[in-house]
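Quick notes on the structure that follows.
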Amino acid sequence: MKYNYSEIEQKWQKKWEEANIFHAETGSPKPKYYALVEFPYPSGAGLHVGHPRGYTAMDIISRKRRMEGYNVLFPIGWDAFGLPTENYALKTGIHPRVATDANIAHFRQQLKALGFSFDWDREIDTTDPNYYKWTQWIFLKLFEKGLAYKSKALVNFCPNCKVVLANEESQGGVCDRCGSQVVQKEKEQWMLKITAYAQKLLDGLDEVDYLPRIKMEQRNWIGRSEGAEIDFAISGSDEKLRVFTTRCDTLFGATFMVISPEHQFVDKFKDRIENYAEVEDYKAFAAKKSEFERKMQTKDKTGVELKGVKAINPATGKEIPIYISDYVLNNYGTGAIMCVPAHDTRDWEFAKKFGIPMIEVISGGDIEKEAFTDIENGTLVNSDFLNGLTVKQAQEKMFEFLAEKNIGEKKINYNMHDWVYARQRYWGEPVPIVHCEHCGMVPVPYDQLPLELPVLEQFRQSETGESPLVHADEWVNTVCPKCGRPAKRETDTMPQWAGSSWYFLRYVDPHNNDALASEEAMKYWLPVDWYNGGMEHVTRHMIYSRFWHRFLYDIGVVPTKEPYAKRTAHGLILGEDGQKMSKSRGNIVNPDDIVRDYGADTLRTYEMFIGDFEKPAPWSDDSVKGCKRFLERVYNMTDMLIDGDECRPDMASKIHKTIKKVSDDIESMKFNTAIAALMTLINDIYAKGSVNKAELSIFIRLLCPIAPHICEEMWEKIGGEGFASMAEWPKFDADKLVDDTIELPIQIQGKMRGKIIVPVDCDEADAVELAKKEVADKIEGKTIVKVIYIKNKILNIIVK
RNA sequence: GCCGGAGUGGCGGAAUAGGCAGACGCACAGGACUUAAAAUCCUGGGACCUAAAAAUCGUACCGGUUCAAGUCCGGUCUUCGGCACCA
């Protein structure tokens with residue numbers, strides 16, 4: 001019989017929908033399971049073949065869980081605010097709302113065609129006012145607690161287009177549209193104080209089950225470093241200059257200091273700085289540099305000495321010069337550093353260039369050639385009371401010294417910066433704040449949420465880079481919620497990360513009008529049991545959403561500290577040329593074509609069989625055909641069907657081993673070997689020429705999560721009860737996993753020389769007897785000096 | 001620079017509490033079926049030397065531990081990813 005995938009797939013998708021079997025019921029007595037995938041950005045290009053990789057994987061997990069008796073929540077929605085849609089609107093004049101609705105409709109149809117077992121009753125859309133009402137609500141809570149604030153921050157600005165650009169629009173320091181150099185411009189921006197949660201985000205990682213590399217990347221991103229803050233007195237003044245250092249042990253070697261170009265110290269000592277004009281020039285020079293240029297010049301240090309002002313090294317009591325240089329960042333530590341050229345590479349380069357003396361305080365290197373930065377080896381020298389100590393010991397001693405003199409203490413710093421939480425764009429959530437001349441920044445009252453995005457005809461930013469919303473006069477001009485006098489609305493919108501920072505909460509109770517979700521639903525479903533997505537979202541999206549979730553926990557809104565109990569990540573699907581798929585390379589594969597030509601089950605099977613799930617894998621049209629062939633062989637098993645309520649004795653061991661292998665492999669996301677095991681089993685069945693009903697029933701259920709449509713069809717054919725998707729997951733019988741006899745490899749001097757058939761758990765003596773016969777010609781005339789026998793594994797004979 | 005992966009046939013990839021390297025699939029070759037082709041089914045296969053077998057060599061490279069190493073240890077190279085003038 002012909003495998004008519006198209007007919008079968010449509011038939012079962014319709015049946016699933018009519019029976020609504022994938023609906024998740026809050027409060028069901030069954031154990032709950034919350035499986036989550038990253039919701040897509042509904043772009044105009046439609047679904048990418050990369051989407052089904054992660055989606056199929058979690059669909060397999062969800063379907064297996066249902067078969068294991070869980071109440072499964074597997075939801076989907078749309079992360080629909082964002083730049084590409086707005087840019088499309090600018091180009092075509094089609095309103096983002098219209099484009100978004102069309103794109104969502106397209107994506108929905110594509111996802112349905114792939115047979116994912118989503119609960120479509122819980123579909124959400126971040127651009128729906130009923131959704132972003134709660135995004136705004138969370139923002140107001142953050143504002144209330146002082147975690148949302150306005151501050152000057154650097155933005156990418158194109159001086160030619162007079163537009164603020166997102167990072168992805170200014171790659172390589174060049175404007176995406178006109179190609180001119182992007183400059184860093186200071187602008188008042190909304191910021192979220194995520195740094196206040198740095199330690200909590202770090203500690204939370206100990207409680208969750210993420211892949212090790214994911215935890216590593218998050219720790220790296222947070223970037224905790226332990227050190228000390230130390231005050232340096234300024235000669236002839238009561239003022240102090242405070243620095244952060246991780247190497248307080250090298251204090252005796254600090255021969256100069258450097259402050260960032262933006263440091264307020266310059267203003268404070270304006271009158272004493274003899275070369276003030278030169279310093280001002282340097283500040284202007286540094287401000288002009290783009291982020292890109294600053295990164296380019298990591299080797300060549302620039303800077304200017306602040307003449308007429310000296311600091312005093314608190315350890316040596318000696319005067320040292322102060323420089324201003326852009327290799328010191330204003331937004332890390334205190335914006336000022338003590339410089340130990342003998343033991344820090346950057347300080348070394350700076351000192352060499354400016355002819356500043358070096359003092360070796362850790363022996364073990366050659367500081368004429370390069371800075372000696374090894375902290376494991378080396379002994380303190382030229383350091384008075386620290387001499388002879390190791391770095392670790394010296395640090396402890398130094399902390400005591402700082403405390404005694406009251407000039408510093410231990411301090412922990414984080415590389416992570418506060419989150420720039422504003423875009424000068426139209427297609428995003430409006431920030432629900434009103435600016436009043438009398439009352440300052442006033443939050444929009446909660447009962448006036450959602451603050452809806454006004455319908456605009458025109459989406460260009462203003463000449464100065466303000467949001468297009470400044471053109472919406474009627475919307476911008478409002479009254480102050482506090483004093484009732486005329487006031488203006490905030491025109492910046494939220495970044496794309498906003499809606500995705502809490503969407504998993506909304507799924508548990510998506511139609512709630514009184515809360516982001518009911519307590520009952522959150523208590524039942526949270527945390528997310530398993531979250532899979534791309535590696536590219538492991539830092540920003542995940543850190544942002546963990547931050548919001550932890551904040552909501554702290555104010556008593558959500559019941560768990562961490563949102564995601566487990567997180568895995570899939571690799572990219574590359575083009576057939578091994579390169580990342582892109583329009584310009586012309587190596588894009590459209591999933592619609594594959595579904596049309598081979599079927600959804602084949603696409604699903606192929607994407608799971610393509611290779612190691614966690615690694616990138618190149619697409620191969622030929623391999624797709626191989627998977628189609630496999631499913632045809634599966635389908636044709638109905639022609640070899642015979643009666644039987646139990647696995648036949650000669651098949652039992654093979655089948656039960658496959659049950660175990662497939663069950664285990666799915667749990668560890670080794671989908672490729674799970675499918676390989678099913679292929680091996682079907683080869684055995686073909687070799688035998690027949691399959692009985694019991695055997696086929698097991699096979700169908702094992703394959704069902706991976707290729708559900710064909711399995712439903714066959715389940716119906718063999719008279720299975722209900723849906724295969726809801727049938728019981730097969731269990732293996734441990735007794736049936738072992739065979740009566742095994743093939744035992746024989747080695748001589750550790751080299752493979754033959755095989756013998758022996759009973760399981762065969763005695764050493766019996767095995768050796770048999771082995772001697774098998775390899776008689778090879779040991780003839782030699783003496784056996786030693787025999788290594790590992791039961792059921794190997795027999796190694798050592799001869800002389 | 002720092003941190004973390006990864007290097008296995010023509011290709012995608014299997015196999016690590018050390019125990020038959022190359023499962024499974026693709027591509028390829030041969031056979032069956034067919035007037036023929038496609039499809040399907042069956043068979044074959046790391047390299048080298050062969051009529052065939054045996055032997056030898058083979059998991060990036062060099063060395064080590066062991067009866068036995070893709071797997072462990074020391075070093076080197078290549079490559080991918082993350083962070084990055086972070087003091």
Side-chain angles (χ1 to χ4, degrees), chain A residues 2 211-225 227-228 243-248 250 257-258 260 294-295 297-301 325-329 331-340 343-347 349-350 373 413-417 535-536 538-539 571-572 578 605-606 609-612 614-627 629-630 632-633 636 670 672-683 686-687 689 743-755 777-778 785-790 792-799:
Chain A
K2 198 179 169 332
L211 291 181
R213 62 187 171 131
I214 295 176
K215 284 193 183 185
M216 191 206 79
E217 278 194 21
Q218 294 200 4
R219 289 202 177 102
N220 220 329
W221 175 275
I222 296 167
R224 177 187 155 110
S225 73
V243 302
F244 172 71
T245 179
T246 52
R247 295 296 304 276
C248 64
T250 61
M257 300 181 82
V258 175
S260 73
R294 277 179 86 150
K295 276 180 187 163
Q297 312 188 341
T298 50
K299 276 273 144 59
D300 190 24
K301 300 278 181 289
S325 171
D326 64 0
Y327 85 90
V328 173
L329 307 174
N331 57 2
Y332 183 76
T334 62
I337 61 171
M338 66 176 216
C339 300
V340 185
H343 305 289
D344 180 278
T345 313
R346 294 148 306 182
D347 298 348
E349 283 161 8
F350 194 88
T373 56
N413 261 313
Y414 301 92
N415 280 356
M416 187 169 68
H417 295 163
M535 252 344 254
E536 69 276 19
V538 151
T539 45
L572 230 51
T605 305
Y606 171 64
F609 188 63
I610 190 169
D612 185 338
E614 288 177 29
K615 296 208 187 91
W619 184 267
S620 159
D621 276 334
D622 283 331
S623 290
V624 175
K625 286 177 199 154
C627 290
R629 207 171 292 159
F630 165 63
E632 276 164 352
R633 279 161 77 83
N636 288 336
K670 289 160 118 186
N672 52 341
T673 47
I675 293 166
L678 289 166
M679 287 173 168
T680 307
L681 181 58
I682 208 169
N683 288 344
Y686 267 71
E743 214 180 27
L744 187 74
I746 308 301
Q747 295 184 333
I748 296 172
Q749 322 289 67
K751 295 198 169 173
M752 262 295 295
R753 284 297 181 264
K755 285 173 187 176
D777 52 324
K778 298 190 178 83
V785 280
K786 197 176 175 187
V787 169
I788 294 126
Y789 178 60
I790 311 290
N792 304 330
K793 277 260 160 119
I794 204 143
L795 178 66
N796 190 4
I797 300 170
I798 313 300
V799 293

**OP:** Return the set of residues passing salt bridge (charged side-chain N to carboxylate O under 4.0 Å, His left out) with R213(A) (not counting sequence neighbours), or none when no residue passes.
**Re:** E614(A)
Original post:
Roughly how many Å is it from CD in E217(A) to P in A84(B), rounded to a whole number?
Top reply: 11 Å
Subject >> Residue list, salt bridge (charged side-chain N to carboxylate O under 4.0 Å, His left out) with D621(A), at least two apart or on another chain >> reply: none
**OP:** Counting heavy atoms from C-beta on, name the nucleotide in A87(B), C42(B), C20(B) closest to the side chain of K755(A).
**Re:** C20(B)
Subject >> N/O (side chain, Y327(A)) to phosphate O (OP1/OP2, A87(B)) under 4.0 Å >> reply: no
Original post:
Of the candidate nucleotides C24(B), C42(B), A87(B), which contains the atom at the shortest distance from the side chain of V328(A)?
Top reply: A87(B)
Original post:
Is G9(B) in the syn or the anti form, by the rule that syn lies within 90° of 0?
Top reply: syn
Original post:
NA contact type, R224(A), heavy-atom cut-off 4.0 Å: base, sugar-phosphate, or nothing?
Top reply: nothing
Original post:
Between R213(A) and C3(B), is there a side-chain N or O to OP1/OP2 distance below 4.0 Å?
Top reply: no
Original post:
Would you say A23(B) has OP1 or OP2 under 4.0 Å from some side-chain N or O of T673(A)?
Top reply: no
Original post:
Who are the side-chain hydrogen bond (donor to acceptor under 3.5 Å, both in side chains) partners of T673(A), not counting sequence neighbours?
Top reply: D665(A)
**OP:** Could you tell me which residues satisfy side-chain contact (heavy atoms from CB on, under 4.5 Å) with R633(A), sequence neighbours excluded, listed by chain and number?
**Re:** I682(A), N683(A), Y686(A)
Subject >> Touch class at under 4.0 angstrom, heavy-atom based, for P616(A) against every strand present >> reply: sugar-phosphate
Subject >> Separation between the P atoms of A60(B) and G44(B), rounded to whole Å >> reply: 28 Å
**OP:** Please state how far atom CE in M535(A) lies from atom P in A6(B), giving the value in whole angstrom units.
**Re:** 13 Å
Original post:
Expressed as a whole number of Å, how far does the C1' atom of G63(B) sit from that of A15(B)?
Top reply: 26 Å
Original post:
Closer to the 5' end of RNA chain B via nearest nucleotide, is it A687(A) or T246(A)?
Top reply: A687(A)
Subject >> Spacing of the P atoms in A21(B) and A27(B) (rounded, Å) >> reply: 28 Å
**OP:** For the side chain of M679(A), starting at C-beta, report the closest nucleotide among C24(B), U56(B), A87(B).
**Re:** C24(B)
Subject >> Nearest-Å distance once atom P is located in both C72(B) and A6(B) >> reply: 10 Å
Subject >> Residue-phosphate contact under 4.0 Å: R219(A) side-chain N/O, C83(B) OP1/OP2 >> reply: no
**OP:** Quick one: list whatever passes salt bridge (charged side-chain N to carboxylate O under 4.0 Å, His left out) with E536(A), sequence neighbours left out.
**Re:** none
Where do N or O atoms of nucleotides 26-32 of chain B meet protein N or O atoms at under 3.5 Å, pair by pair?
unit_1: C26(B); atom_1: OP1; unit_2: R629(A); atom_2: NH1; d: 2.7

Original post:
Which whole-number value in Å describes the distance from H417(A) NE2 to C83(B) P?
Top reply: 13 Å
Subject >> Protein-nucleotide distance (N220(A), atom CG; C3(B), atom P), rounded to Å >> reply: 10 Å
Please tabulate, one pair per line, each protein N/O and nucleotide N/O from nucleotides 65-67 of chain B that are separated by under 3.5 Å, including the distance.
unit_1: C67(B); atom_1: O2'; unit_2: N796(A); atom_2: ND2; d: 3.4
unit_1: C67(B); atom_1: O2; unit_2: N796(A); atom_2: ND2; d: 2.4

Original post:
Under the side-chain contact (heavy atoms from CB on, under 4.5 Å) test, which residues partner N220(A), sequence neighbours left out?
Top reply: none
Original post:
Taking for each residue the nucleotide of RNA chain B with the nearest heavy atom, is it T680(A) or E743(A) whose nucleotide lies nearer the 5' end?
Top reply: E743(A)
Original post:
How far, in whole Å, is G70(B) from U16(B) if one measures between their P atoms?
Top reply: 14 Å
Original post:
Is V328(A) close to S325(A) at the side-chain level, that is, under 4.5 Å between some pair of heavy atoms?
Top reply: no
Original post:
What is the distance from CD of E614(A) to P of G82(B), rounded to the nearest Å?
Top reply: 16 Å
Original post:
Taking only residues two or more places apart in sequence or in another chain, which ones pass side-chain contact (heavy atoms from CB on, under 4.5 Å) with K625(A)?
Top reply: Y598(A), D622(A)
Original post:
Reckon N672(A) has a side-chain N or O less than 4.0 Å from the OP1 or OP2 of A14(B)?
Top reply: yes
Original post:
Does K670(A) put a side-chain nitrogen or oxygen below 4.0 Å from OP1 or OP2 of A15(B)?
Top reply: yes
**OP:** Name the closest nucleotide to the R753(A) side chain, picking from C42(B), A55(B), A87(B).
**Re:** A55(B)
Original post:
At under 4.0 Å between heavy atoms, what does N413(A) touch on the DNA or RNA strands: base, sugar-phosphate, or nothing?
Top reply: nothing
Original post:
How long is the line joining CD of E632(A) and P of G25(B), in whole Å?
Top reply: 15 Å
**OP:** Check whether any side-chain nitrogen or oxygen of K615(A) sits under 4.0 Å from OP1 or OP2 of A14(B), and answer yes or no.
**Re:** no
Original post:
Would you call the rings of F244(A) and Y332(A) parallel, tilted or perpendicular, where under 30° means parallel and over 60° means perpendicular?
Top reply: perpendicular
Subject >> Heavy-atom side-chain contact between V243(A) and M257(A) under 4.5 Å >> reply: yes
Subject >> Rounded C1' spacing from U8(B) to U59(B) in Å >> reply: 4 Å
**OP:** State which residues pass side-chain contact (heavy atoms from CB on, under 4.5 Å) with A676(A); sequence neighbours excluded, sorted by chain then number.
**Re:** F609(A)
**OP:** Scan D347(A) against the nucleic acid and name what it touches under 4.0 Å (heavy atoms): base, sugar-phosphate only, or nothing.
**Re:** nothing
**OP:** For A53(B) versus G46(B), give the span between their P atoms, rounded off to a whole number of Å.
**Re:** 12 Å
Original post:
Is I337(A) close to D347(A) at the side-chain level, that is, under 4.5 Å between some pair of heavy atoms?
Top reply: yes
Original post:
To the side chain of M216(A), which of G25(B), C20(B), G81(B) is closest?
Top reply: G81(B)
With a 3.5 Å cut-off and sequence neighbours excluded, list the donor-acceptor pairs that the side chains of residues 744-754 of chain A form with protein atoms.
unit_1: Q749(A); atom_1: OE1; unit_2: V799(A); atom_2: N; d: 2.9
unit_1: Q749(A); atom_1: NE2; unit_2: V799(A); atom_2: O; d: 3.3

Subject >> Nearest-Å distance once atom P is located in both C26(B) and U78(B) >> reply: 37 Å
Original post:
Between C42(B) atom P and I682(A) atom CD1, what is the distance in whole Å?
Top reply: 11 Å
**OP:** Kindly point out which of A87(B), C85(B), U56(B) is positioned nearest to the side chain of K301(A)?
**Re:** C85(B)
Original post:
Just by distance, do the side chain of E217(A) and the backbone of T539(A) share a donor-acceptor pair under 3.5 Å?
Top reply: no
Original post:
Mind pulling the stems RNA chain B is in, i.e. runs of at least three Watson-Crick or G-U pairs, everything under 3.5 Å?
Top reply: B:1-7 with B:77-83, B:10-12 with B:24-26, B:28-32 with B:40-44, B:60-64 with B:72-76
Original post:
Any donor-acceptor pair under 3.5 Å linking the side chain of N413(A) with the backbone of S225(A)?
Top reply: no
Original post:
To the nearest Å, how far apart are N415(A) CG and C2(B) P?
Top reply: 16 Å
